[in-house]
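When reading the values below, keep in mind they use all heavy atoms of this one structure, side chains included, and skip hydrogens, waters and symmetry mates. Heads up: numbering here begins at 1 and tracks the sequence.
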Amino acid sequence: MGQAAPAPRCYRMQTFYLRQGTQLARLHEYLSSSLPNQTPALVLEAIVAAHLPQVVLILPNGTLEQAVFTPRGEAVAKWESGEEAPYEHYSLSILEPTAYSPLLEFPEKRPEKPRIFELRTYHSPTWRQLAALHERFAGPEIKIFHRVGVHPILYTQTIAGGNMPNLTYVIPFESLAAREKAWDAFAADPEWIKVRKESIERSGQIASINQISLFRPASYSPIR
């Protein structure tokens, strides 16, 4: 058997903000032809977000340099050569997997239909409070997640980008109905109510702003 690929040291998360028209189709055309082969990446198109249309690309990288500096080859030049700008603007964040994060990898069984993906970012006022948030997640919170049907595939913190410090994680759901059922069960879970109360008493409000967006995977997204 061959050796397993090394765990990524970081992830590159690029968010493209588009306008109605040809930009979305042109972006999908470019990304579908330029993604590295056999790479467990996510290409997500927003269905509920602060800005629409919007596409998020999450790509694992072995080094910080690879994540920050990407070559601008012929494919990029062709993509940008149209009469219309390829996007309105984009943001780039470099994400570091947390100690308790699973590897972002292909599911053992390919889903029969594309799933819904939820992207959550919790902003903490300070790094001290973010550390408390990590402690809560790594301890009881993830166990409660799994019990009620919330199974994140990636937990990260931003090491370069906007709205720091923060915890950003990605959760797939079979459907919007499955998502609603899982989060309702989580909110009503007695252990979670107790854990949250104890956390606030011990460390204060450790997540001051929660950003939540919902996505569907692009047809060519390696992980769907």
Would you say L92 and I159 are hydrophobically clustered, going by side-chain heavy atoms of ILVMFWY under 4.5 Å? yes

Heavy atoms of R136 and E141 approach each other most closely as NE-OE1, 2.8 Å

From CG (L57) to CZ (R12), nearest 0.5 Å: 7.5 Å

Side chains of H28 and Y220, heavy atoms from C-beta outward: is any pair under 4.5 Å? yes

In the structure I gave you, are the side-chain heavy atoms of I171 and W183 within less than 4.5 Å of one another anywhere? yes

Counting only heavy atoms not in E180 (residues, nucleotides, ligands), do more than 12 fall under 6.0 Å from its CD? no

Below 30° counts as parallel, above 60° as perpendicular, anything between as tilted: where do the rings of Y155 and Y169 land? parallel

Taking the inter-plane angle between the rings of H51 and H89 on a 0 to 90° scale, is it parallel (under 30°), tilted (30 to 60°) or perpendicular (over 60°)? perpendicular

Just so I know, are the side chains of Q20 and P53 near enough to count as touching, which here means a heavy-atom distance under 4.5 Å? yes

Point-to-point distance, once rounded to the nearest 0.5 Å, from OG of S199 to CD of Q205: 8.0 Å

Are V43 and V55 side-chain neighbours, meaning at least one heavy-atom pair lies under 4.5 Å? yes

Minimal heavy-atom distance between I153 and P102, with the atoms involved, is O-CG, 3.5 Å

Are side-chain heavy atoms of Y30 and P86 found at a separation under 4.5 Å? no

Do R9 and N61 have side chains that approach each other closer than 4.5 Å (heavy atoms only, starting at C-beta)? no

Could you go through residues 207-217 and list every donor-acceptor pair under 3.5 Å that involves a side-chain atom there, pairing it with any protein atom two or more places apart or in another chain?
from : atom 1 : to   : atom 2 : distance (Å)
S208 : OG     : H123 : O      : 3.1
Q211 : OE1    : H123 : NE2    : 3.1
R216 : NH2    : E45  : OE2    : 3.4

Decide if atom CD of Q129 counts as having more than 12 heavy atoms of other residues, nucleotides or ligands within a radius under 6.0 Å. yes

Same apolar cluster: V170 and L167, side chain cutoff 4.5 Å: no

For the CG atom of L176 and the CD1 atom of I116, what is their distance to the nearest 0.5 Å? 4.5 Å

What verdict does the side chain to side chain donor-acceptor pair (under 3.5 Å) test give for T121 and N166, after you've listed the backbone C-alpha separation in whole Å, the side-chain angles of each residue and the deciding distance to 0.1 Å? CA-CA 7 Å; T121 299; N166 68 56; 5.3 Å; no

Exactly one candidate in R147, R196, K194 meets salt bridge (charged side-chain N to carboxylate O under 4.0 Å, His left out) with D189; the answer is R147

Taking E191 first and then K143, would you say they form a salt bridge - that is, a charged N and a carboxylate O separated by under 4.0 Å? no

4.5 Å side-chain heavy-atom contact, F173 and K181: no

Residues at least two apart in sequence or cross-chain that pass ring-ring contact (aromatic ring centres under 6.0 Å, His included) with F106, listed by chain then number, are none

Does a sphere of radius 6.0 Å around CD in E198 hold more than 12 heavy atoms from other residues, nucleotides or ligands, not counting ones at 6.0 Å or beyond? yes

Taking ring-ring contact (aromatic ring centres under 6.0 Å, His included) as the test, write out the residues that go with H134, two or more places apart. Y100

A85 to R26 - nearest heavy-atom pair and separation: O-NH1, 3.6 Å

With a 4.5 Å heavy-atom cut-off, do I58 and T156 have their side chains touching? no

For the hydrophobic clusters of this structure (ILVMFWY residues joined by side-chain heavy atoms under 4.5 Å, transitively), does one cluster hold both L44 and I47? no

Which distance, rounded to the nearest 0.5 Å, do you find between the CD of Q54 and the CG of L18? 8.5 Å

Atom CD of residue position E201 - does it have more than 12 heavy atoms of other residues, nucleotides or ligands inside 6.0 Å? yes

Of all heavy-atom pairs linking R224 and P114, the shortest is NH2-CG, 2.7 Å

Could you give the distance from CG (L35) to OG (S221), rounded to the nearest 0.5 Å? 7.5 Å

Tell me whether M13 shares a hydrophobic cluster with L104, the cluster being built from Ile, Leu, Val, Met, Phe, Trp, Tyr side chains joined at under 4.5 Å. yes

Spatial distance of atom SG (C10) from atom CG (L59) [nearest 0.5 Å]: 10.0 Å

Nearest heavy-atom pair of S124 and I206: which atoms, and what distance? OG-O, 2.5 Å

For a side-chain contact (heavy atoms from CB on, under 4.5 Å) check, start with the C-alpha distance between I223 and F117, then their side-chain angles and the critical distance, and finish with the verdict. CA-CA 10 Å; I223 296 178; F117 286 82; 4.3 Å; yes

P222 to T39 - nearest heavy-atom pair and separation: CB-O, 3.2 Å

L133-F186 co-clustered via ILVMFWY side chain contacts under 4.5 Å: yes

Quick one: do L42 and L154 satisfy side-chain contact (heavy atoms from CB on, under 4.5 Å)? Show the steps, please. CA-CA 11 Å; L42 278 165; L154 183 66; 5.9 Å; no

